[in-house]
There are 2 protein chains.
Amino acid sequence: MPRPPTMKDVARAAGVSVMTVSRAMKDGGSVSAEARARVGAAARDLGYVFDATAANLRLQRTGFIAVTVPTLNNANFADMVGALSRALGAEGLQVLLGATGYDVAQEERLVGQLLRRRPEAVVLTGGSHTAHCRDMLAKAAIPVIETWDLPDEPLGHVVGFSNAATMEMMVQHLTSRGLHRIAFVGGDTNQDTRGADRKRGFLAAMARRGLAADRLIGMGAPPISMRQGADAMARLLVEMPDTQAVICVSDLSAFGALSACARAGVRVPDDMAVAGFGAYEIASVCVPTLTTIDPFPSAIGAAAARLILARDTMDQPFQRIEVTPRLVIGGSTPAR
Amino acid sequence: MPRPPTMKDVARAAGVSVMTVSRAMKDGGSVSAEARARVGAAARDLGYVFDATAANLRLQRTGFIAVTVPTLNNANFADMVGALSRALGAEGLQVLLGATGYDVAQEERLVGQLLRRRPEAVVLTGGSHTAHCRDMLAKAAIPVIETWDLPDEPLGHVVGFSNAATMEMMVQHLTSRGLHRIAFVGGDTNQDTRGADRKRGFLAAMARRGLAADRLIGMGAPPISMRQGADAMARLLVEMPDTQAVICVSDLSAFGALSACARAGVRVPDDMAVAGFGAYEIASVCVPTLTTIDPFPSAIGAAAARLILARDTMDQPFQRIEVTPRLVIGGSTPAR
DNA sequence: ACAGCTTTTGGTAACGATAACATAAAGATT
DNA sequence: AATCTTTATGTTATCGTTACCAAAAGCTGT
């Protein structure tokens with residue numbers, strides 16, 4: 001089986017030099033219309049496909065942007081990657097995607113693998129990484145963008161928000177409705193650092209108001225699923241039946257909690273208020289609709305893309321772009 | 001700013017030749033333990049990162065597997081890509097992912113872009129492509145795997161199922177419960193070819209039983225969302241109030257339909273049965289749980305990975321692997 | 001000590017594209 | 001007509017890695 005044709009083959013077929021072929025493949029090159037046509041025809045006849053690998057080696061530019069997310073199976077991250085990918089694709093850049101499984105060790109391995117492909121920038125989810133991972137990224141001398149978080153010691157640019165602060169918003173909302181016995185459903189590991197930040201924010205917000213924050217339901221390792229949200233609510237209804245409101249680490253678990261209430265005949269929001277995070281589509285469709293926080297995932301992706309595309313401004317001090325999440329009040333918490 | 005160190009730099013620092021460095025980077029190479037250690041130390045000191053681009057050019061192997069999905073933001077496709085990515089990653093292969101937006105023209109562009117990266121195999125969602133796209137893939141002389149479908153004229157291997165047949169299962173289930181006035185909620189374009197196949201399968205299953213299949217609600221272009229499922233059900237309740245059951249093109253729209261019923265005070269399944277497709281997590285958590293079809297997305301991904309990894313068997317005639325979807329009976333359709 | 005192994009090491013030439021320079025042909029200017 | 005531009009084309013070297021071959025070094029047994 002013969003190897004795929006190269007520019008050399010096209011050049012021979014078109015009766016020109018390789019350089020002319022190379023120029024004809026681009027838009028700007030100064031090539032006569034006639035030569036360009038011959039090259040085009042030869043390329044079509046031979047089924048020539050441009051070899052990006054060779055060009056990348058020569059140009060020392062790959063057009064890859066490495067992106068890591070905890071999991072692909074999450075509408076928030078998918079939205080971010082979608083926005084990022086669309087914006088970058090329009091400029092000829094390719095997203096090289098990897099999932100860390102909410103595990104910094106896995107992230108370290110992944111980043112190591114991705115850097116071998118010589119990406120032109122790295123977009124990470126979260127601001128928590130192993131020392132070796134930070135080290136590799138620092139040495140790579142390419143733009144690094146951390147997202148979904150506001151790390152104290154960022155590696156480079158940041159596009160994110162304070163997860164803790166969103167819980168202040170949510171606790172404020174609930175207490176303004178006269179609810180004080182508030183539970184939090186989340187993971188019981190710190191693997192999902194954003195989830196852990198939200199839990200910390202919840203504890204701080206409760207403490208600030210002198211409220212007891214002893215209703216913590218930990219459901220294991222991330223991602224915390226709908227099923228786990230339902231199980232958590234079932235436990236809560238038995239173990240702490242006087243709970244007035246539940247904040248869940250995400251809309252998925254909040255929906256599970258909602259379903260558990262429906263099964264148990266607990267009225268939402270009258271007997272129990274439920275709040276989530278993420279503004280997933282389900283929040284606006286379920287009955288009642290979910291009170292949640294919209295972190296604007298595609299805005300995060302778009303902002304990251306803008307930073308990458310404005311490469312020339314990358315020499316400037318690292319940017320810290322805050323995307324302000326919005327409280328979305330639904331029917332799962334009481335009206336004023 | 002200096003360029004990142006190369007093997008040459010490492011070789012100089014370690015006092016050996018580039019070839020020795022190259023060998024030391026791999027496992028099997030015959031290198032003395034002492035040289036290997038010196039190379040390792042030098043690489044660490046210099047912050048050397050292997051350049052996969054150069055190696056790929058030389059080896060004529062990129063380790064890329066191109067994968068296209070209609071959208072990232074879909075748990076079924078995310079599951080498939082996740083399974084594929086995990087299985088391939090263990091063998092050092094990298095998924096190069098692209099989203100077509102349910103658009104064959106976009107798919108064509110995407111495949112063109114991906115092929116320039118010289119992937120070693122291509123995994124496509126669906127079996128419907130533009131002529132030029134089919135042509136490019138045929139000429140690429142690499143394994144092509146079409147998934148989620150059983151095309152009549154496959155481009156290569158196939159890992160899928162008959163979308164139409166799943167609707168026969170579903171109609172059979174509903175009619176066995178004595179329901180005959182059945183509606184179908186889906187898109188009104190053929191962009192989502194799998195959705196369109198399911199609609200066709202629905203029509204055929206109804207015709208086979210001599211039932212009228214005139215309750216078709218078309219909700220525009222894919223993806224059909226929860227919101228659109230809710231709108232469709234709202235319309236249906238007004239326009240065809242005697243409808244007994246609704247089959248939705250996916251669990252997302254089915255859940256929307258369920259919510260619309262809840263809002264309208266329509267009891268499910270007593271007044272209206274609802275069925276979906278996809279066995280998304282929501283189907284097993286919502287109240288009532290959804291009757292749906294599980295297409296086993298991660299089994300599809302795993303099977304595709306197996307085909308790719310068994311490269312040597314790729315010369316054999318194209319394989320056609322059927323993954324049999326399973327009817328999952330939930331509370332949204334009446335018990336027997 | 002020496003032939004006959006195996007193991008380790010190094011030099012050279014690719015892989016397929018393009019930047020940089022050099023040259024030739026055509027067109028514009030005096 | 002002679003010179004200066006501009007445009008079109010070709011030649012050479014290179015990006016960082018590895019296959020291939022050849023040579024050197026380390027072993028073994030006589």
(message) Under 4.0 Å from OP1 or OP2 of C:dT18: is there any side-chain N or O of A:Q60 that close?
(response) no
(request) Taking the side chain as every heavy atom from C-beta outward, state whether A:V104 and A:C133 have any pair of such atoms under 4.5 Å apart. (result) no
(request) To the nearest Å, give me how far apart NZ (A:K8) and P (D:dG10) are. (result) 15 Å
(request) Assign B:A52 to base, sugar-phosphate, or nothing according to its heavy-atom contacts below 4.0 angstrom with the strands shown. (result) nothing
(message) Please determine whether a side-chain nitrogen or oxygen atom of A:T6 lies at a distance below 4.0 Å from atom OP1 or OP2 of C:dC15.
(response) no
(request) Nearest whole angstrom, please: distance from the C1' of C:dT7 to the CZ of B:R36. (result) 13 Å
(request) Starting at atom CZ of B:R23, determine the distance to atom P of D:dG16, rounded to an integer number of angstrom. (result) 20 Å
(request) By nearest nucleotide on DNA chain C, pick out whichever of A:L57 and B:E34 is the more 5' one. (result) B:E34
(message) With rounding to the nearest 0.5 angstrom, report the CG to CG distance, A:L96 to B:L96.
(response) 6.5 Å
(message) Strictly below 4.0 Å: does A:S22 bring a side-chain N or O up to OP1 or OP2 of C:dA17?
(response) no
(message) Using whole Å, what does the distance between atom P of nucleotide D:dA19 and atom CZ of B:R61 come to?
(response) 11 Å
(request) Could you tell me the separation between the CZ atom of A:F296 and the CZ atom of A:F161, rounded to the nearest 0.5 Å? (result) 10.5 Å
(request) Please report the shortest heavy-atom distance between B:H129 and B:R134, naming the atom on each side. (result) CB-CG, 4.0 Å
(request) Let me know the distance between CE of B:M19 and C1' of D:dA23, rounded to the nearest Å. (result) 15 Å
(request) Would you tell me if any nitrogen or oxygen in the side chain of A:S17 comes within less than 4.0 Å of OP1 or OP2 on D:dG10? (result) yes
(message) With a 4.0 Å cutoff (strictly under), does any side-chain N or O of A:Y48 reach OP1 or OP2 of C:dA17?
(response) yes
(message) If I take atom CE in residue A:M7 and atom P in nucleotide D:dT14, what distance separates them, rounded to the nearest angstrom?
(response) 20 Å
(message) Taking only side-chain N and O atoms of A:K26, does any of them lie within less than 4.0 angstrom of OP1 or OP2 on C:dT18?
(response) yes
(message) For A:R194, is there an ion pair with A:D197 - N to carboxylate O distance below 4.0 angstrom?
(response) no
(message) Does a side-chain N or O of A:T20 approach OP1 or OP2 of D:dG10 to a distance below 4.0 Å, or not?
(response) yes
(request) Identify, between A:L59 and B:V16, the residue whose nearest nucleotide on DNA chain C lies closer to the 5' end. (result) B:V16
(request) Return the value, rounded to whole Å, for the distance between atom CG of A:N56 and atom P of C:dA19. (result) 12 Å
(message) Is A:S32 close enough to D:dT9 that one of its side-chain N or O atoms is under 4.0 Å from OP1 or OP2 there?
(response) yes
(request) Starting at atom CZ of A:R118, determine the distance to atom P of D:dG16, rounded to an integer number of angstrom. (result) 8 Å
(message) Any side-chain N or O of A:R3 below 4.0 angstrom from OP1/OP2 of C:dG16?
(response) yes
(message) I'd like to check A:V95 versus B:L97 (side-chain heavy atoms, cut-off strictly below 4.5 Å). Are they in contact?
(response) no
(request) Choose from C:dG16, D:dT18, C:dT8 the nucleotide whose nearest atom is closest to any side-chain atom of A:R58. (result) C:dG16
